[in-house]
Amino acid sequence: MKKSYQAPRGMRDVLPENMPAWQRLEETARHLARLFGFSEIRPPLMEETDLFTRSVGEVTDIVEKEMFSLQKGKTSLSLRPEGTAGVVRAYVQAGYAKRDPLQRLYYCGPMFRYERPQKGRERMFTQFGVECIGSSDPRLDAEVMDMAATFFEELGLTGLEVRMNSMGDGEDRDRYRDAVSDFLSPKLDDFCDLCQSRFEKNVLRVLDCKNPNCGELIVGAPVLIDFLGDENRAHFEAVQEGLRDLGREPCVDTSIVRGLDYYTRTVFEIHAPDLGARSALCGGGRYDHLVRDLGGPDVPAVGFAIGFTGTLIVFEQLGLLEGLERETADVYVIGFSAEQKAAVLQVANDLRKGGISAIYDVDERSFKAQMKAAGKGDHRYAVILGEDELARGVVQLKDLGAKSQEEVPRDGLVEAILRG
RNA sequence: GUGGGUAUAGCUCAGUUGGUUAGAGCACCGGAUUGUGAUUCCGGGGGUCGGGGGUUCAAGUCCCCUUAUCCACCCCA
């Protein structure tokens, strides 16, 4: 019995036929990054495990149970479960804070989390993210949010919701947390089991419970905005102001609580309402203390990450896959019989030398089979070569889309194609 | 980590209350058409039914285990 292999759980092959959609997302991301003046950065896919523990948060699920880690000698390395930690580490290591503090950086690549796969969730997934490090100007928060929204708009994704909130900072957040605890604890027993454990682990998540019963119990709970200090409140207002200046109406949703510990002040999410359980396509916000926490100077930052998994699902749902073409050779060279074998090879070679991609049938199949292959391979042209053409130094150039055909001299083929 | 569904040709799926050589459509290959493709017609190759164990005279069809996958919870992009 032979063993058969398959891709590791929760990881999938992106086959050539799936590639057009991926390339579309990647090109859109790069294009947008360029428009907004961001530069690409590529940190390693692995970092010291400790880096993620410090940044993402010790008690988060991500570091508690979702990291792919390996021990080599005395160091524990982990595949990155998210992109920000590595970028910030690189920022600090490169010494940007002193020589060129404001950095607009973006990345696009795979992340890894050891989770149970489900719709919109994989163990290896791709994220496009930006990190704007070095300023706390609220206009940057607005700009970064606008950029994330623009990404989806450029792709043609409609019906998405951009929601924002402020989580405050340091003291206001602690005060708020205490207030929520005080509000909840008297009736804690009435909450669902899940909320009871949330209460212990991350109180604010109780406010996010989908259980209708819990939903009623939290009516009247303290709202974080009321706990913001003057400065943070002003910042929050300014971010909304900035969004308006960019032509976007801010949508404040006080239930948004990001899962990663490093967020401060502005947080936001972009949702696709009808995507099922995992509707957030993008999450982001400000993290003003992460650089400092990772051993750098006290430098503020803001960023977001967009998951390709969910984005691709919506992309397909909206029928945007149609019209995307798979990469193939422009020309398929056909010989009428095996007699023209050498000539076919030479013509293909001439085309390639002339900068035109070309392939031909390598199995010496029948003329009909070659025509068939040319017809369904998304090639633009078929170049047909028979005994007669060979003798006269010409070829038949057939436009496979238009179904038209013309005879052109063999040495003028490249020109003819470039013209047409 | 928890709960539920599914696992039959490359793909999408049929397969009666367990019973002879496991089917269809699409795809693939070839032919009808001795110089022309994505329409039509004909033919062909390809599965031992995810893997292992059990019940039975007999299992794709029942039971157990296992693996994978999907959906949901948790959490999150």
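Note that the structure is predicted; figures quoted are calculated from it, not measured. Chain letters run A, B, ... following the sequence lines, proteins first, then strands; residues in each count from 1.
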Between [N] and [M], how far is it from one [atom1] atom to the other, in whole Å?
| N | M | atom1 | answer |
| --- | --- | --- | --- |
| B:A72 | B:C63 | P | 27 Å |
| B:A58 | B:G19 | C1' | 6 Å |
| B:A7 | B:C65 | C1' | 16 Å |
| B:C26 | B:G43 | P | 13 Å |
| B:C57 | B:U20 | C1' | 14 Å |
| B:U8 | B:C13 | P | 9 Å |

Can you find a side chain N or O atom of A:R365 that sits less than 4.0 Å from OP1 or OP2 on B:C29?
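So the side chain of A:R365 is within the cut-off, an N or O lying under 4.0 Å from OP1 or OP2 of B:C29.
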
Answer yes or no: does a side-chain N or O of A:R121 lie under 4.0 Å from OP1 or OP2 of B:A72?
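No.
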
Are B:A77 and A:F308 stacked, with the base six-membered ring and the side-chain ring centres under 5.5 Å apart and planes under 30°?
no

So A:Q370, base contact, sugar-phosphate only, or nothing? Heavy-atom distance under 4.0 Å.
nothing

At 4.0 Å (heavy atoms only), tell me whether A:Q405 reaches a base, stays on the sugar-phosphate, or touches nothing.
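Base contact.
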
When you compare the side chains of A:D169 and A:H289, does any donor N or O come within less than 3.5 Å of an acceptor on the partner?
yes

Between B:C28, B:A77, B:G1, spot the one nearest the side chain of A:Q127, thanks.
B:A77

Run through A:D293, A:T84, A:D288 and flag the one making a side-chain hydrogen bond (donor to acceptor under 3.5 Å, both in side chains) with A:Y262.
A:T84

Counting distance only, does the side-chain N/O of A:E407 pair as donor-acceptor with the main-chain N or O of A:V394 below 3.5 Å?
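No; judged by distance alone, with no hydrogens or angles, the pair does not exist.
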
